[in-house]
Amino acid sequence: MPGVRVVLSAVAAFLAVLAAGPAASPAVADEIVDVELVLAVDVSYSMDLDELALQRDGYIGAVTSPEFLNALKLGPNGKVALAYVEWAGVEDQKLVVDWTEIGSEEDAKAFAAAIRAAPLRRVYRTSISGAMAFSAEQIRSNGFKGLKRVVDISGDGTNNQGPLVDVTRDELVKQGITINGLPLMLKEPAGSMLDIGQLDVYYEDCVIGGPGAFVVPVRGMHEFATAIKTKLVLEIAGLMPPAPRLGTTPEVHKVAAEKRVSCSIGERMWMERWGN
């Protein structure tokens, strides 16, 4: 019977579709942005709670500042992708605020609010290399395609756990990722033997790398907000923002021409102190 054969054919076709499973979705292209930027901030125990709060407030203020929002407009796409990572020891990195496309003041305020809502935490040890590797993995899997890819490391100490920091930096640079630094030199080196006096030199020699890499040292709490804002505007637009008042322009240092400090100094100090 022709009618029955038609029905049976339709049923067979339907069952075949079910057996085959859902049709494959077309590949989704990465979202194009001007910069993919990881803000990787130190939450190790060498940072006291006041410094952690000040660091976080600095980023909240910077991403919502007129200077940052104006810098967004200078890129060909007018938008960037940001992620906020906290790090300490080699196994203690956390994606606190996931990748967010920032193209407007509303986007920036939402990102800042997410940072503010996260609880403050402190964790043992300092692995800058671990922070680099974790941040690079976030960039590889984020669904964005930036004209620049940047990991922005802020911290107050040297690498003392995990892979060697300069070796890890060089691997990221080979992948097309630039590393910038915000060394926090808010205290005099303590007698713990785990601090060094020229952390900015260590960052220049051992941490930063890639096209246009730079360091913005922070030598006092009053410099924090301006330094973070300067760093973000430089990363987004490649321009120094105007100083809020005379004499407050932050220092900006490039990669050193010659190495001046051992990049394993943190590991050596840890061994001399603890023997492990």
Side-chain angles (χ1 to χ4, degrees), residues 24-42 56 58-87 93-118 128-154 168-182 207-214 216 228-239 241:
S25 300
V28 178
D30 289 339
E31 182 74 18
I32 303 297
V33 294
D34 295 320
V35 185
E36 300 167 66
L37 175 58
V38 179
L39 305 175
V41 302
D42 184 0
R56 184 172 285 190
Y59 281 102
I60 289 169
V63 299
T64 55
S65 69
E67 293 89 345
F68 176 77
L69 296 173
N70 288 334
L72 288 177
K73 302 172 185 176
L74 300 177
N77 299 290
K79 55 187 178 180
V80 300
L82 299 184
Y84 191 85
V85 166
E86 292 180 342
W87 62 273
Q93 298 90 33
K94 182 179 181 181
L95 181 61
V96 174
V97 182
D98 205 348
W99 287 98
T100 305
E101 183 180 301
I102 311 291
S104 67
E105 183 176 0
E106 290 71 24
D107 297 337
K109 286 181 176 178
F111 186 80
I115 297 175
R116 182 178 285 109
I128 300 173
S129 58
M132 288 178 180
F134 181 82
S135 298
E137 181 56 35
Q138 306 313 303
I139 287 176
R140 283 191 289 269
S141 59
N142 66 9
F144 291 94
K145 185 174 181 61
L147 305 181
K148 293 192 295 184
R149 301 190 295 168
V150 180
V151 173
D152 179 346
I153 302 279
S154 66
T168 307
R169 172 203 58 199
D170 293 345
E171 285 300 316
L172 265 66
V173 171
K174 288 178 185 176
Q175 298 168 29
I177 297 172
T178 293
I179 305 101
N180 295 328
L182 189 81
V207 176
I208 67 172
F214 62 87
V216 181
I228 292 175
K229 188 186 303 180
T230 296
K231 181 171 55 62
L232 283 183
V233 173
L234 276 169
E235 285 161 341
I236 299 305
L239 300 172

Check: Thr64 and Leu69 side chains under 4.5 Å, non-hydrogen atoms
no
Salt bridge (charged side-chain N to carboxylate O under 4.0 Å, His left out) partners of Arg140, counting only residues at least two apart
Glu137
Heavy atoms of Ile228 and Ala62 approach each other most closely as CG2-CB, 3.6 Å
What's the spacing between Glu235 CD and Phe68 CZ if we round to 0.5 Å?
9.5 Å
Please round to the nearest 0.5 Å and tell me the distance separating atom OG of Ser135 and atom CG of Leu37.
10.0 Å
Nearest atoms (heavy-atom pairs only) where Asp107 meets Ile102:
O-CD1, 3.6 Å
Lys73 meets the side chain to side chain contact (heavy atoms under 4.5 Å, CB included) criterion, sequence neighbours left out, with Asn70
List the residues meeting salt bridge (charged side-chain N to carboxylate O under 4.0 Å, His left out) with Glu86, not counting sequence neighbours, and say none if there are none.
Arg56, Arg121
Quick test of your reading: applying salt bridge (charged side-chain N to carboxylate O under 4.0 Å, His left out), list the pairs with at least one residue in residues 141-150, sequence neighbours left out, ordered by first then second residue.
none
May I ask you to test the Tyr59-Ser154 pair for a side-chain heavy-atom distance under 4.5 Å?
yes
Within-4.5 Å side-chain heavy-atom neighbours: Ile236 and Leu74:
no
Can you list the residues that meet the side chain to side chain donor-acceptor pair (under 3.5 Å) rule with Glu101, with sequence neighbours excluded?
none
Applying side chain to side chain contact (heavy atoms under 4.5 Å, CB included) to Ile208 and not counting sequence neighbours gives Ala213, Val215, Val255
Report yes if some heavy atom in the side chain of Asp42 is under 4.5 Å from a heavy atom in the side chain of Ile153; otherwise report no.
no
Would a 4.5 Å heavy-atom cut-off, applied to side chains only, mark Val150 and Ile177 as touching?
no
Could you list the residues that satisfy side chain to side chain contact (heavy atoms under 4.5 Å, CB included) with Gln138, not counting sequence neighbours?
Leu95, Trp99, Phe134
Determine all donor-acceptor pairs shorter than 3.5 Å in which one atom belongs to a side chain in residues 77-84; sequence neighbours excluded.
| residue | atom | partner | partner atom | Å |
| --- | --- | --- | --- | --- |
| Asn77 | ND2 | Asp34 | OD1 | 2.9 |
| Lys79 | NZ | Glu31 | OE2 | 2.6 |

Kindly indicate whether the side chain of Val207, heavy atoms from C-beta on, has any atom under 4.5 Å from the side chain of Ile179.
yes
Of all heavy-atom pairs between Val233 and Ala71, which one has the smallest distance, and what is that distance?
CG1-CB, 4.1 Å
Quick check: closest heavy atoms across Asn180 and Phe214, and the distance to 0.1 Å?
OD1-N, 3.0 Å
Side chains of Val96 and Val85, heavy atoms from C-beta outward: is any pair under 4.5 Å?
no
Counterpart residues, salt bridge (charged side-chain N to carboxylate O under 4.0 Å, His left out), relative to Asp152 (two or more places apart):
Lys231
For the residue pair Val151 and Thr178, establish whether any side-chain heavy-atom pair is separated by less than 4.5 Å.
no
Rounded at 0.5 Å granularity, tell me how far OG1 in Thr230 sits from CG in Leu232.
9.0 Å
Tell me, please, which residues at least two apart from Thr168 pass side chain to side chain donor-acceptor pair (under 3.5 Å).
none
Checking Ala133 now: which residues fulfil side chain to side chain contact (heavy atoms under 4.5 Å, CB included) with it, not counting sequence neighbours?
none
Looking at residues at least two apart in the chain, or sitting in another chain, which of them share a salt bridge (charged side-chain N to carboxylate O under 4.0 Å, His left out) with Lys109?
Glu105
